[in-house]
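These notes concern the structure reproduced below.
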Amino acid sequence: MQTALDPHAAVVSEASGGAATLLTTADGQPLARALARSSARARRRAFLLVAPLLLFVVITFVIPIGQMLHRSMYNAGFADNMPQVSAWFQDNPPGTPIDDTAWGALAADLKAAAENRTIGIVGTRINYDVPGTRSLFTSTGRKARDGFEPPYRDALLAADAKWDNPTLWRAMRSASSAYTANFYLAALDRTRDDEGSVTMVPERQQVYVMLFKRTLGLSLLITGMTFLLGFPIAHLLATLPMRKSNLLMILVLLPFWTSLLVRTTAWMVLLQQQGVLNDIFVWLGIVGPDGRLQMIYNRTGTIIAMTHILLPFMILPLYSVMRTINPSYVRAARSLGATSWTAFRRVYFPQTLPGLGAGALLVFILAVGYYITPALVGGSTGQLISNMIAMHMTETLNWSMAAALAALLLGGVLVLYWVYDRLVGIDNLKLG
């Protein structure tokens, strides 16, 4: 008996008694094998369709993040160019007195690094931990070209007395291993003492934790302000007739058509002491000519400019959700005796949570990584951790430190993303 199912119709071979023994296609192939081959072909086609996008994501996203994480734990500037003294550190545990062997290894490595023109790399690596030591290495390297005579300790101290500094030797021990977690410790304002224990750095050097807290606080504040400003705007756009709503939507989208740098510099003109806003305040008599407000190059300027720039990212997700809410729900609640506030709080607002969650997540993630706006209008009190990362990348060239700070920032965002998923659920997030 043959049943035509499709071009590869299945055939049931019947044995005596009518029992089915084999199910095949029209060309005699087992049906299970044919279905497996068809499914495999479908999967291959689907993979080939997404392969370009997957390759793009891997090259532009996954590999750079992997390199960043590797760089945050790897810096071979000292270990590769000072092999003898690095080997001494590896063979002797922390707390071992610096003996003649260590001084001799240091003298030999300084001479070799000077001849190979890598003494600057070595000094830069130690300078990350002990500022001001790069010149010590370069100056001693010039003297080491002729070689040091034993006793090497006296010869090196004669070249520069700073070589007897225990902090310097502790930094060299830390740098003797290419892989280290010390950049993460430094990113958390911590270091290691002579015994290898983790301790806090001096109070005057504690800056990174403060910047992380400031970044988190300002990002939360900006997210809250965009919600307070964006919610009524999104509600207005969602309730107006489509023709008027589309006209107002152009004003919301207008910032996307303007350069970020232009918008930021516009706020610099508006907020400066001789700017437009202060002129208006003086004209209205709110402040006197000598009492103009300082609204730029501080935290206030950062909050105002970033709130304006990120506001559309809150409005658009809210609008996309509000547009789908049936207004009859609120009317039904009011007809049953609920007040306007109760109907809004218990009927309307809960339905906007998917858009609110999406907008808050977008604004917060963008805010924690913002760089241009705080750099231009933030001043010393409005700088965020992103500005410190940029400084290490472009000025100090301490890429390992920049990578460690970026990795901690990424980890914090992922933790908040996980918390959001646990409390609200990513499946409830709607971007439009």
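Computed from a predicted model, the values in this text were never measured in an experiment.
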Q. Is there a donor-acceptor pair under 3.5 Å between the side chain of Asn81 and the backbone N or O of Ile119?
A. no

Q: Could you tell me whether the side chain of Ser38 and the main chain of Leu35 form a donor-acceptor pair under 3.5 Å?
A: no

Q) Which pair of non-hydrogen atoms, one from Leu260 and one from Ile309, has the smallest distance, and what is that distance? A) CD1-CD1, 3.5 Å

Q: Please test Phe137 against Asn127 for side chain to side chain contact (heavy atoms under 4.5 Å, CB included), starting from the C-alpha separation and ending with a verdict.
A: CA-CA 10 Å; Phe137 278 87; Asn127 196 74; over 6 Å; no

Q.
Contact between Phe349 and Phe231 at the side-chain level, heavy atoms closer than 4.5 Å - yes or no?
A. yes

(Q) Does either side chain, that of Thr339 or that of Thr342, offer a donor lying less than 3.5 Å from an acceptor on the other one? (A) yes

(Q) Please check: side-chain N/O of Thr226 versus main-chain N/O of Met314, any donor-acceptor pairing under 3.5 Å? (A) no

Q | Partner of Leu248 under side-chain contact (heavy atoms from CB on, under 4.5 Å), chosen from Leu253, Ile233, Leu240 | A | Leu240

Q. Do any N or O atoms from the side chain of Arg334 and from the backbone of Ser340 form a donor-acceptor pair under 3.5 angstrom?
A. no

(Q) Looking at Arg345, I'd like to know if its CZ atom is crowded, meaning that more than 12 non-hydrogen atoms belonging to other residues, nucleotides or ligands lie closer than 6.0 Å. (A) yes

Q: Could you check if a side-chain atom of Leu106 sits within less than 4.5 angstrom of a side-chain atom of Trp88, using non-hydrogen atoms only?
A: no

Q. Between Ser386 and Tyr370, is any side-chain donor less than 3.5 angstrom from a side-chain acceptor?
A. no

Q: Fit a plane to each ring of Tyr208 and His392, take the angle between them on a 0 to 90° scale, and name the class: parallel (under 30°), tilted (30 to 60°) or perpendicular (over 60°).
A: tilted

Q. Is any side-chain heavy atom of Val130 less than 4.5 Å from a side-chain heavy atom of Trp169?
A. no

Q. Is a side-chain donor-acceptor pair under 3.5 Å present for Arg170 with Ser174?
A. no

Q: Just grab all the salt bridge (Lys or Arg N to Asp or Glu O under 4.0 Å) pairs involving residues 285-311, residues at least two apart or on different chains.
A: Asp279-Arg292

Q) With distance as the sole test, does Thr324 use its side chain to make a donor-acceptor pair with the main-chain N or O of Val321 at under 3.5 Å? A) yes

Q | Ile121 backbone acceptor or donor facing Thr118 side chain under 3.5 Å | A | no

Q | Beyond-backbone contact of Met268 with Gln272, side-chain heavy atoms, under 4.5 angstrom | A | no

Q. Just wondering, do Asn246 and Met242 contact through their side chains at under 4.5 Å, heavy atoms?
A. yes

Q. For Val252 and Tyr319, what are the C-alpha separation, side-chain angles and deciding distance, and is it a side chain to side chain contact (heavy atoms under 4.5 Å, CB included)?
A. CA-CA 11 Å; Val252 175; Tyr319 168 76; over 6 Å; no

**Q.** With sequence neighbours excluded, residues passing ring pair (Phe, Tyr, Trp, His ring centres under 6.0 Å) with Tyr74
**A.** His70, Tyr179

Q | Residue list, ring pair (Phe, Tyr, Trp, His ring centres under 6.0 Å) with Phe56, at least two apart or on another chain | A | none

Q) Is the number of heavy atoms from other residues, nucleotides or ligands within 6.0 Å of CH2 (Trp257) greater than 12? A) yes

